[in-house]
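Everything below concerns the one structure shown next.
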Amino acid sequence: MRGGGAGGRGTTATTRLTEKFTRISATTLKYEVTVTDPSRFSRPWTAVLYWKAESKNQIYEFACHEGNEAMAGTLSGYRAQEREAAESAKKGSR
């Protein structure tokens, strides 16, 4: 994030954000963001948040996919495979 304006409130030309995501467990992500801006702060500072998924949800990798038109198709394909596997498992248990 550089400069002020839309999406950069309170930033300057020297503002730098460093984000780090770490998977702590199957249901928990650790998010760290470090703000460095020598024109506004005497030293860098870091915030840490822990994000916990609900038991019914899964945590998926998040990657920048702007303009990736295939994302919807890829995800719907995986959902179809999951449904087929669940249906096969039901039929096999009868």
Side-chain angles (χ1 to χ4, degrees):
M1 175 185 331
R2 296 225 182 244
R9 270 189 208 153
T11 63
T12 70
T14 59
T15 301
R16 194 168 176 95
L17 293 181
T18 304
E19 296 176 298
K20 181 179 179 185
F21 294 86
T22 306
R23 190 162 192 165
I24 302 299
S25 71
T27 59
T28 306
L29 280 179
K30 179 181 178 183
Y31 170 71
E32 298 173 78
V33 59
T34 300
V35 179
T36 304
D37 189 345
S39 68
R40 298 203 44 151
F41 304 107
S42 58
R43 63 179 189 253
W45 57 274
T46 300
V48 178
L49 298 170
Y50 291 89
W51 293 333
K52 192 138 179 100
E54 295 178 17
S55 60
K56 63 182 178 179
N57 297 325
Q58 290 181 304
I59 297 175
Y60 295 97
E61 174 187 5
F62 176 82
C64 182
H65 59 274
E66 292 176 6
N68 185 348
E69 302 298 326
M71 184 61 69
T74 300
L75 292 175
S76 66
Y78 279 117
R79 298 299 83 80
Q81 288 176 346
E82 290 170 349
R83 280 191 300 276
E84 289 172 11
E87 289 172 11
S88 293
K90 281 183 186 177
K91 289 178 184 176
S93 65
R94 291 182 185 174

At their closest point, which heavy atom of T36 faces which heavy atom of P44, and how far apart are they?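 Scanning both residues completely, I find the closest heavy atoms to be OG1-CB, 3.6 Å.
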Looking only at heavy atoms, what is the nearest atom pair of T12 and T15, with distance?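 Looking at all heavy atoms of both residues, the closest pair is N-OG1, 2.8 Å.
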Between [atom1] on residue [X] and [atom2] on residue [Y], distance to nearest 0.5 Å:
{"X": "Y50", "Y": "L29", "atom1": "OH", "atom2": "CG", "answer": "11.5 Å"}
{"X": "T28", "Y": "R23", "atom1": "OG1", "atom2": "CZ", "answer": "9.0 Å"}
{"X": "L49", "Y": "E32", "atom1": "CG", "atom2": "CD", "answer": "10.0 Å"}

Is it the case that atom OH in Y78 sees more than 12 heavy atoms from other parts of the structure closer than 6.0 Å?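 Atom OH in Y78 is not packed in, count stays at 12 or less.
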When clusters are formed by joining ILVMFWY residues with side-chain heavy atoms under 4.5 Å apart, either directly or through shared neighbours, do F41 and L17 land in the same one?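 Yes; tracing contacts between hydrophobic side chains, which count when under 4.5 Å, links both residues.
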Is the closest basic N to carboxylate O distance between R79 and E82 below 4.0 Å?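 Yes, this pair counts.
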Anything under 30° is parallel, anything over 60° is perpendicular, the rest tilted; go ahead and classify F21 against W51.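 F21 vs W51 ring planes: tilted.
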Donor-acceptor pair, distance only, cut-off 3.5 Å: does the side chain of R83 make one with the backbone of A86?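 No.
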Distance-only, no hydrogens or angles: does the T22 side chain make a donor-acceptor pair with backbone N or O of I24 under 3.5 Å?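 Answer holds: no.
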